[in-house]
Amino acid sequence: MLLPNKQNCTVCIIGLGYVGLPLAIAISNCKKCIYSNEELNRYVIGYDLNENRISELNNSYDRTNEIKEVELKNINNLLFTSKTKDLFKADVFIITVPTPIDSAKSPDLSFINNASTLVGSIIKERQNILEESNSIKSPIIIYESTVYPGVTEEICVPIIERESKIEYNLIHNNKTFFCGYSPERINPGDRDHTIIDIKKVTSGSNREVSIWINEFYGSFIKAGTFMASSIKVAEASKVIENTQRDINIALINELSIIFKMMNIDTHDVLEAASTKWNFQNFKPGLVGGHCIGVDPYYLTHKAQSLGYHPEMVLAGRRINDKMDKWIADQLILEMIRKGLTINGTEILVLGFTFKENCPDVRNTRVANLIISLSKYNLKPIIVDPLVDPILAFKEYKVEVNKEIPTHKKYPVILIAVAHEQFSCLEIKEWQEYVDKDTLILDLKGIVPKSMNPIRI
Ligand SMILES: NC(=O)c1ccc[n+]([C@@H]2O[C@H](COP(=O)([O-])OP(=O)(O)OC[C@H]3O[C@@H](n4cnc5c(N)ncnc54)[C@H](O)[C@@H]3O)[C@@H](O)[C@H]2O)c1
């Protein structure tokens, strides 16, 4: 087996979104191996088919807010490109394309299939070029996109074999390619847990490749790596991380529905229960985005194809998916109790993204909440400092303001997302927008209790 040189290889990242860009930067920034101190002379090719994204990155602008302008300006061994001809030099391909669900909540593997088709055609051409120069090193293709167990070797590998006409995982023949799976665990918007601070699970198509991949990631991931026993184990580990989180939040959401009926504040209960060392403090709320609300369906899809119909996982999904409607109902009830007019009343909605401190609006459940409120003819004024208003309008047909329109008190305020810009507000600043009669529904528990917010 002739594998690429770990210290000097050319690495191509396919898909430069929330996952791919920080990965490309981390590999390109690391000039010395963390565990051996050896010099690293790697070259990184960041490929994305979205030409606009490439042009923005080449102008040092990252619309996901993960990488600062100064960092993009300082890179020297990283090429951003949307041209496939730039990829022939690569020895290692890392695939970080989206894995969403379709409208029937089934896995949409079209992006990962397309990326596999592309890699298949690239390694075919690469083989021809290298054969001429007599220096054949078998390429390694690593998937990072979240999938259900089996996708890498049962779906992607056959596509690569078909396109490249090269056979997979031949240990005694250099005309071959190898694969691996290393799930990404980043948490966009979180400056304390960046890609290199999170332990990385790795896996490969045979023992030697597994070690190669594990040492490759270990060279730049400060938190270290964990070598899983197989590609399927690594795939399963990622999908259950998010499934477990979804179910844990669903439990707290269900408890918050019960506690509401009992007039008990769920946040107070959680504060009390958290004093026990092994209580896990999950917060109630909306579960949107493209990971926690999506990944469980990858697992249930695979289970169903094997004849098992998951109950608990789907129950969690159902509970979390109905929270936006339940929250809208709570708001209407509280308005009625307070004697507020519903028809035509303006409601200030703070936050539109699917999570705090991140501009991502994919599958944001705040959008569903807005739809429910609009059905009652409430007039939402949405404010989100991180959202691109043009994108929000294109995706959801809503107007998003960057700042809270000032010199105005609102009869109703809904705090939907705990962006730093909102959670750092002090009572005096809140008082610019509220008066003593304002109804505050605080989904995130960030408004001072002395202002009598209603919490879920
Ligand atoms: N965002 C997260 O928090 C997160 C965390 C862990 C894992 N993941 C998983 O990582 C994967 C990527 O997620 P993301 O959030 O980075 O997605 P993203 O939408 O931010 O980025 C994906 C990028 O891939 C590009 N792309 C799509 N098809 C392509 C192709 N065939 N060739 C080249 N580029 C292509 C898109 O243009 C886009 O820029 C998903 O499977 C996701 O579930 C995401």
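Counting starts at 1 for both ligands and their atoms, in listed order.
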Output every pair passing side-chain hydrogen bond (donor to acceptor under 3.5 Å, both in side chains) with a member in residues 351-361, not counting sequence neighbours, ordered by first then second residue.
-> Asn187-Lys355, His290-Asp360, Thr353-His419, Asp360-Arg362
Considering residues at least two apart in sequence or located in another chain, which fulfil the ring-ring contact (aromatic ring centres under 6.0 Å, His included) criterion with Phe177?
-> Tyr168
Carboxylate-amine/guanidinium contact Arg63 Glu56, below 4.0 Å |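 Salt bridge: yes.
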Could you list the donor-acceptor pairs under 3.5 angstrom formed between side-chain atoms of residues 30-37 and any protein atom two or more places apart in sequence or on another chain?
| unit_1 | atom_1 | unit_2 | atom_2 | d |
| --- | --- | --- | --- | --- |
| Lys31 | NZ | Ser28 | O | 2.8 |
| Tyr35 | OH | Glu215 | O | 3.3 |
| Ser36 | OG | Glu38 | N | 3.2 |
| Ser36 | OG | Glu38 | OE1 | 2.9 |

In terms of the angle between their ring planes, are His301 and Tyr148 parallel, tilted or perpendicular, with boundaries placed at 30° and 60°?
->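 Correct class here is tilted.
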Distance filter under 4.0 Å, heavy atoms only, around ligand 1 gives Ile14, Gly15, Leu16, Gly17, Tyr18, Val19, Tyr47, Asp48, Leu49, Asn50, Thr96, Val97, Pro98, Thr99, Phe111, Ala115, Ser145, Thr146, Glu184, Ile186, Pro188, Lys238, His290, Cys291, Arg362
Given side chains that start at C-beta, do those of Ile456 and Phe259 come closer than 4.5 Å, heavy atoms only?
-> no
